[in-house]
Amino acid sequence: MNIKITLPDQSVREFPKGSSPMDVAKSISEGLARNVLAAKVDGEIQDLNRPLEQDAQVTLLTWNDADGKNTMWHSSAHLMAEALEFYYPTVKFWVGPPVENGFYYDVDFGGIAFSADDLKKIEDKMAELAKQGNPYVRKEMSKADAIQYFTERNDPYKLDLLSNLEDGKITFYTQGNFTDLCRGPHIPNTSHIKAIKLTNVAGAYWKNDSNNPMLTRIYGITFPKKSELEAYLTMVEEAKKRDHRKIGKEMEIFTFDDDVGPGLPLWLPNGGVLIEELERLAKKTEAVAGYKRVRTPHLAKESMYLTSGHLPYYADSMYPPMEFEGEKYYLKAMNCPHHHKIFKEMNLSYRDLPLRLAEYGTCYRYEQSGELFGLMRVRQLQMNDAHIYCTKEQFADEFNAVNDMYLKYFRIFGIEKYVMRFSTHEPSKLGQKYVDNAALWLETEDMVRNVLIESKIPYVEVADEGAFYGPKIDVQVWSAIGREFTLATNQVDFAVPARFGLTFRNAKNEMETPICIHRAPLGTHERFIGFLIEHYAGNFPLWLAPEQIAILPISDKFNGYAKKVLQVLINSDLRGLVDDRDEKIGKKIRDAEMKKIPYMLIIGEKEEQENSVSVRQHGKGDQGSLLVQEFVDKMQAEIKALLSV
RNA sequence: GCCGAUGUAGCUCAGUUGGUCAGAGCUACUGAUUUGUAAUCAGUAGGUCGGGGGUUCGAAUCCCUCCAUCGGCUCCA
């Protein structure tokens with residue numbers, strides 16, 4: 001009896017019942033049969049040797065498919081476990097899944113020391129085992145037998161996994177001398193794993209819960225070809241060169257100092273320019289969008305954070321209070337309560353709404369020491385913050401306007417890859433993690449979801465990630481080196497305005513509580529500049545570049561003319577410098593190129609006589625000569641073009 | 001906060017088993033050179049080897065501890 005197998009191109013082939021996906025692969029080509037790693041059968045990923053019992057849609061997965069990669073990496077985790085067990089027979093294993101770049105396995109070494117130095121021998125053993133080409137053999141087992149198996153082996157981790165599994169669905173996989181409880185699927189045999197790199201060893205809490213003991217997590221990555229591993233390692237090296245911490249130091253943008261304290265960045269003059277330019281852009285954009293600017297103190301009394309409700313939720317991550325005059329004062333970790341106080345003071349009617357209060361507010365958050373990370377996670381941050389107070393009827397328009405502002409910024413900065421994460425609440429945590437008002441949560445989440453759908457904004461919805469006062473949207477972006485950032489945030493607050501007793505007079509002369517939108521399209525200066533450094537690899541667009549133009553006299557005879565040119569630039573709102581060191585022009589050019597200065601003006605006798613400059617562009621070389629005024633016009637036109645998109 | 005690693009001039013790094021091991025290049029400064037599109041030459045200066053304790057005749061090197069950073073975990077209003 002035959003079954004009909006439909007392939008991705010919609011072609012249909014017949015096979016005897018009980019044929020395997022591998023048989024399908026063989027029928028297509030020998031090469032495919034050699035390279036295929038797993039199969040997707042009616043949407044489910046399976047081993048290649050599982051018999052097909054009925055008509056099915058079959059996609060054969062290779063290294064070029066994400067699912068194929070993941071299958072191989074999952075199998076690689078098993079291979080690593082086999083190698084670990086060879087050297088450390090007493091270790092116990094938790095789980096070993098594939099991840100974005102490779103795989104890991106969580107291991108309990110039971111007190112045996114294991115460090116990065118030990119990775120090499122595991123790697124070598126893996127390579128040796130991989131060459132044996134051992135098949136991954138699937139075996140079904142009853143729950144009772146599985147429990148007995150792991151009880152005999154005294155393995156609390158696998159017993160814990162078993163406790164959540166249903167009888168009749170329990171499978172084991174064996175390759176070589178290693179057997180593991182595993183749902184699969186796996187690649188046919190270990191010989192597909194041709195290049196192996198164990199990248200990292202780190203601690204990881206069991207079940208990702210910080211109350212649990214810590215296991216040793218070993219990360220690795222494998223490839224079907226040695227050349228792909230080499231390419232991957234090269235890419236990692238390239239990524240390191242773009243790291244904002246490295247470029248930030250080289251370009252003198254920011255620094256940290258032990259005496260100032262961890263997570264407290266010092267902005268050097270070049271960083272100061274970046275901040276000034278970003279703020280100029282934000283303030284202009286917000287002014288056009290009808291925002292009003294306010295300024296508020298860096299600290300406030302405990303009572304305000306009790307009113308806002310932040311303190312019970314976030315006391316651990318706020319700096320401890322200062323106590324004086326019998327009062328506790330906290331450094332602010334957020335600007336909203338201060339802004340709420342301003343709203344309250346303003347005594348508004350519906351005619352005054354929406355009210356949009358903006359501030360580049362400086363906040364302090366006591367992030368755990370292990371979380372600090374360059375400019376990305378710091379303890380002092382300055383937010384592109386604003387709070388929009390509006391009526392329910394105005395909500396959709398306001399929310400949309402905020403999203404439009406995001407998109408405008410994305411265009412200016414050339415951010416093409418982004419995802420909006422829509423975070424909602426978890427009903428069982430009302431009253432703990434979330435303010436206890438089920439109806440309002442659902443109503444507000446619907447409002448946000450509807451806006452997202454109606455305006456066709458791509459988003460993913462994640463449960464149990466909301467702020468305590470309402471649902472939120474986080475904008476995830478990726479820097480050029482693949483690092484993921486939560487850049488912007490857009491949050492709905494239906495709870496805190498009421499806690500502050502914020503009201504406006506509506507058209508019926510009744511008092512009504514406004515909805516508040518918290519939004520920060522440019523996130524914080526710290527994280528945004530960190531992102532931009534990696535995004536541009538330090539090659540900032542002209543308008544943003546800390547030094548825009550380096551004037552390089554051929555010899556000190558032309559320093560006078562160079563300084564005159566500089567004055568013209570400064571008077572035209574351009575930033576420049578004169579390199580009047582006693583160096584040859586080649587050296588000056590090299591240094592300016594290394595500093596990633598967008599334009600260099602080489603000047604000598606000819607230029608001085610003509611009142612011109614010889615223009616060189618960073619990374620592009622000689623661009624010919626222009627009169628000084630022509631060059632200024634060109635710069636101003638370029639900046640205007642970059643900002644008006 | 002937890003697990004692991006790292007910490008030598010402003011920067012990037014050498015310093016083998018504890019004994020002229022406190023070094024190099026770049027930067028800076030001084031002098032010579034007066035230069036045409038990615039490194040001119042020479043000289044000078046610069047470090048309690050992250051801080052503190054300990055072992056030793058002797059510690060950058062071994063041990064303890066604290067701090068910071070890095071890779072993860074947890075967390076992120």
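All values reported here derive from a predicted model rather than from experimental measurement. Order of the sequence lines sets the chain letters (A, B, ...), proteins ahead of strands, with each chain counted from 1.
In this structure, A:Tyr364 does not reach the B:A77 phosphate: none of its side-chain N or O atoms is under 4.0 Å from OP1 or OP2. Regarding contacts with the backbone of B:G72, every side-chain N or O of A:Asn200 stays at 4.0 angstrom or more from both OP1 and OP2. Look at A:Lys472 and you'll find a side-chain N or O under 4.0 angstrom from OP1 or OP2 of B:A77. Between A:Arg616 and B:A38 there is a side-chain polar atom (N or O) within less than 4.0 angstrom of OP1 or OP2.
In this structure, A:Phe468 and A:Tyr313 have parallel ring planes: the angle between them is below the 30° cut-off, well short of the 60° mark.
When each of A:Thr489 and A:Asp209 is assigned the nucleotide of RNA chain B with its nearest heavy atom, A:Asp209 is the one assigned upstream, toward the 5' end. Nearer the 5' end of RNA chain B, as judged by each residue's closest nucleotide, is the contact made by A:Trp206, out of A:Gly466 and A:Trp206.
Separating the C1' atom of B:G4 from that of B:A77 is a span of 31 Å, rounded to the nearest Å. Rounded to whole Å, the C1' atom of B:A60 lies 14 Å from the corresponding atom of B:A9.
Proximity of residues 596-605 of chain A to RNA chain B (heavy atom under 4.0 angstrom from any strand atom) is restricted to A:Ile602, A:Gly604, A:Glu605. Annotation: proximity of residues 98-111 of chain A to RNA chain B (heavy atom, distance under 4.0 Å) is found for no residue. Sorted by residue number, the list of members of residues 383-390 of chain A with any non-hydrogen atom under 4.0 Å from RNA chain B is empty.
Note: NE2 (A:His244) to C1' (B:C70) measures 12 Å, nearest angstrom. In this structure, OH of A:Tyr561 is placed 19 Å from P of B:U35, rounded to the nearest angstrom.
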If you restrict it to nitrogen or oxygen atoms, what contacts under 3.5 Å exist between nucleotides 39-45 of chain B and the protein, and what is each distance?
residue: B:A39; atom: N9; partner: A:Arg590; partner atom: NE; Å: 3.4
residue: B:A39; atom: N7; partner: A:Arg590; partner atom: NE; Å: 3.2
residue: B:A39; atom: N7; partner: A:Arg590; partner atom: NH1; Å: 3.0
residue: B:A39; atom: N7; partner: A:Arg590; partner atom: NH2; Å: 3.4
residue: B:A39; atom: N6; partner: A:Arg590; partner atom: NH2; Å: 2.4
residue: B:A39; atom: N1; partner: A:Arg590; partner atom: NH2; Å: 3.2
residue: B:U40; atom: O4; partner: A:Asp582; partner atom: O; Å: 3.3

Close N or O pairs between protein and nucleotides 60-65 of chain B (under 3.5 Å):
none

Under 4.0 Å protein heavy-atom contacts per nucleotide of nucleotides 1-13 of chain B, with B for base, S for backbone only and - for none: BBB-------SS-

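With sequence neighbours excluded, no residue forms a side-chain hydrogen bond (donor to acceptor under 3.5 Å, both in side chains) with A:Lys564. Under the ring-ring contact (aromatic ring centres under 6.0 Å, His included) criterion, A:Phe93 pairs with A:Tyr105, A:Phe178, not counting sequence neighbours. Every residue meeting the ring-ring contact (aromatic ring centres under 6.0 Å, His included) condition with A:Phe494, not counting sequence neighbours, appears here in chain and number order: A:Trp441. Residues that satisfy the ring-ring contact (aromatic ring centres under 6.0 Å, His included) test with A:Tyr364, not counting sequence neighbours, are A:His298.
In this structure, A:Gly309 reaches neither bases nor backbone, as no heavy-atom distance under 4.0 Å exists between it and the strands shown. Residue-level contact check: A:Glu252 touches neither bases nor backbone, having no heavy atom under 4.0 Å from any strand. Residue contacts for A:Asp556: at a heavy-atom cut-off of 4.0 Å it reaches a base atom on one of the strands shown.
No more than 12 heavy atoms of other residues, nucleotides or ligands sit less than 6.0 Å from atom NZ of A:Lys301.
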Once pairs are restricted to Watson-Crick or G-U wobble with both distances under 3.5 Å, how does RNA chain B read as a dot-bracket string, [ ] for crossings and | for other-strand pairs? (((((((..((((.....[...)))).(((((.......))))).....(((((..]....))))))))))))....

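The list of side chain to side chain donor-acceptor pair (under 3.5 Å) pairs with a residue in residues 254-270 of chain A, not counting sequence neighbours, is empty.
Checked by distance alone, A:Arg377 brings a side-chain donor or acceptor within 3.5 Å of a matching partner on the base of B:C76.
For A:Lys197 and A:Tyr232, the positive end is not near the middle of the six-membered ring at less than 6.0 Å and at most 45° from its axis.
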